[in-house]
Amino acid sequence: MMEYFTISLPARDRVANRAHIGVVGSGDLELLLEPNEENEAIVAVTTKVSGHRATWEAVIKRFFERHPFAVRIEIRDSGATPGAVWLRLEQGIELACKDCNHD
Amino acid sequence: MIEHMQRREPSFVELSPRERLASLLDPGFEELVDPFCRVGSPWLERQGLVPQSDDGVIVVRGFIDGAETVAIAIEPSFEGGSIGEVGGAKIANALRLAAEASRKGNATPALMLLETGGVRLGEANLGLAAIASIQTAIVELRELAPVIAVVAGPTGCFGGMSLAASLCTSIIGTPHGRLGMNGPEVIEQEAGPEELDATDRQQIWRLVGCEARLRDGFVDAVSEDAAASVLAAVRHALSVGVSPPKRILHERERLAGLRRRFKRKAPIDAQPPGRAGRWLELLCGHTAQIALDTPSVLHGKAHLNNGSHLEAALALAISPDAASAFPRASHGEMGLEQALALAACIRTWLEREDVKGTHRPILALVDTPGQAFGRIEEELCISAACASAVDAYAEARRAGHPVITLVVGKAISGSFLAHGLQSDIILALDVPGVIMHAMSQESIARITRRTVAEVSAAAEAVPPMSYSITQAHQLGIIHTLIPDVPADTPNPAEVALVQAALNDALTQLRNGTLVDPTKDNPLRAATATVEQMMRTQWHAIDAQRIQSKGESLIHAGNL
C-alpha cells in the first residue's frame, strides 16, 4: 500500500539551484528539490511502503535541524532505508548549493 | 598496481543514464520534458507503484563534435527500463521532431541508449502502442539522418524495443549488453525450463549477448565498456550516415537459409486455416493462397470500396502450420518464418508492376497468440525477423499504401507489433475472445513479482492492463469496434457488415476524415501533454539559438 504525507519545518538558509537526484528503484528514491521563498522546508513524501511515517518524520526533522535550508522537496520512495534517505537529502542540498557561497 | 587501477577508464555501464549522456555529448546539452515538468505515469499509483517524475526516459538536445543530435537514455533501475505511455511518447516525439528538423535542412541524428525490458507490463497496451509509434518514427528519421542504438548494460534491450533497435541504422553493443525479443524468464515461463534455463547466465549471453549478435550480423559494433570507446563507435556510426540496416533486409535469402537448416515435418500442403486465415478466405475468395512456400502466411486480394470505386487490397494473415519446422511457431504464432515471409510478401507486392506507383491498400487480418517463445528463435534473432515485418509495413505506408488492420482474435505483444500495429486504422470485432495484450497473465506475474490474482485484479482496474478490446478502443488504440459479428462462424450478412466497416475505413482514409482517437481523449491526456511540452521546448531552443546567434552578430558588428 502506498502512503502520502507532507512534513513542514522552519528553515532559513537559502539554496541557489534546484536539484534532481536518485531513482524510484528498489531500495532507492527520487528526490526533486527547489528553493523555497518562505522560511520553511516542505517535504512531500510518496512511498511504496506504508506504516513508517514516524521514522520519516524523525529523519527529516533531524536533517533540517542540522541543515535548515528553505526548500521544497518531493520524494518518491521505493523502500529506501533511513540512511539512504539521509544520503539523498545531503546530495540534494549539495547540488542545490553548488555555486552559492555558504560556509 | 594501484596507479594502473586509477588510470583505468571508468565503466560506461555503471554510469547513470544522465551521466552516460554527459559522457558522449559535447558540454551544454538541454533536457526536454525534464523531471521538473513532472510528467510521470498516470497508471502506476493505482497499482501501488510509485511513478518517477521523468518516467525513466531522458531526452536531450545537444551536439556531438559540434553536430546536432537528439539523445535518449533509459533508466534501467526504474521499472526495468520499461516503456510506458509517457516514456514512449517522449521517445517517439523526440524522433519525430528530429525528423521535422532534418526535413527543414537541420539534419538531426538520434542516439538511443537502450536499457529496456520492452513494454511496461503495468501499462501493457499503451506500452505496445507507444513502441509501435517509436518504430514508425525510427523508420521515418532513419531515411533522413542516422539513428544509432547503444545496448550497453546487462538489462539489455528486449521485447518490442529489440524490434525498435533492429530498425535503427546501427546498433552498438558492449560485452555486457544483450539483445533479444523474449527475456529468458519469459521463455522459461511460456515454454518450460527444458526449452531454456533462465538461471544459466553463460548460455544466455552466448545466445543473446552483443558479441554473439555481432558475430551473426545483428549488431554492428561491440565497444569496450568505457565512454571513450562507446563514443568512438558512435562517431563511426555517425560518419557512415544514412544507410538502410542490412540486418533486416534480404528476407527471401534469410528464409531460404532457414529452410536449408530446418526441415518441415511434412511436405508443404494447404493446412486448415486459423481464424484470421478463414476471414482472409471470406474476404478474398479464390485469390487466397500461401505466401513463399510458407503455409502459415496467407495472402489474397480483397476488394474494398473507398466510397467511389473498388480498390484491390493486399490481404495478409498468419495461420497455424502443424507441420512447421519450428514447433514453437506452429499454432499461429509469429515466428522466424512467419515474420520473414510476411515481410518478403509485402516487399514483393510493392515491387509489382500493377502496384508500383499506386496507393493500393494493405489489409492485415490479426489473430496471433503472440511471438514464438523459443531458444532457436532467440538464437536466430527473432527480433530482427519481426523488425523486418515492421519495416515492410512501414515502407509500404511511406510509399503511400494505407494499412488497415482487422483484429478477429488475439492481438498479442510482439506479434501484433509485427503484424497489425504498423497501420493507419485498426478495427476489431467486438465479441468475447477478441483481445489485445502484451503478455500472458502468468508471465506478467512472474516478471513483475506479483501473484496472478494481483495481475488479474490490475487488469480489471487499470484500462491499459485490460485484455478487453473495448478498453483498447476507449484508450484510442483501436479506432472502430464492429459489434454483433461472431468471430468464428459468421453468416453472409455478418461478413457483409465487416466488409462495410472496412469500406468505411478506407473511405475515411481516402477523404481524410479519419479522426485520431487519442485526440481530446481524457484517457490519453499524458500522451497529449508530452507531445505539446516537447514541441514547445524544442522550438524554444531553436528560438534561443537564433536569438543568441543574432546577439553575437551584433557584438561582432560593434567590434
Greater than 12 external heavy atoms within 6.0 Å of [X]'s [atom1]:
X	atom1	value
B:Arg201	CZ	no
B:Gln532	CD	no
A:Glu65	CD	yes
B:Glu14	CD	no
A:Arg62	CZ	no
A:Arg12	CZ	no
A:Glu90	CD	yes

Can you see which heavy atom on A:Val24 is nearest to which on B:Val50, and at what distance?
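Scanning both residues, the minimum pair turns out to be CG1-O, 3.5 Å.
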If I take atom [atom1] from residue [X] and atom [atom2] from residue [Y], how far apart are they, to the nearest 0.5 angstrom?
X	Y	atom1	atom2	answer
A:Ser78	B:Glu79	OG	CD	8.0 Å
B:Phe36	A:Leu33	CZ	CG	7.0 Å
B:Asp34	A:His20	CG	NE2	8.5 Å

Side-chain touch B:Glu45/A:Tyr4, heavy atoms, less than 4.5 angstrom
yes
[X] versus chain B, the contacting section by heavy-atom distance below 4.5 Å:
X	result
A:Met2	side chain
A:Asp28	neither
A:Thr47	backbone

Using distance alone, with no hydrogens and no angle criterion, decide if B:Ser53 and A:Glu30 have a side-chain donor and acceptor under 3.5 Å apart.
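There is such a pair (donor and acceptor under 3.5 Å, judged by atom type) between the side chains of B:Ser53 and A:Glu30.
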By a 4.5 Å heavy-atom criterion (distance strictly below it), what part of B:Gln52 contacts chain A: side chain, backbone, both, or neither?
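Both backbone and side chain of B:Gln52 come within 4.5 Å of chain A.
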As an exercise: rank B:Ser77, B:Pro35, B:Ser16 by heavy-atom pairs under 4.5 Å with chain A and give me the winner.
B:Pro35
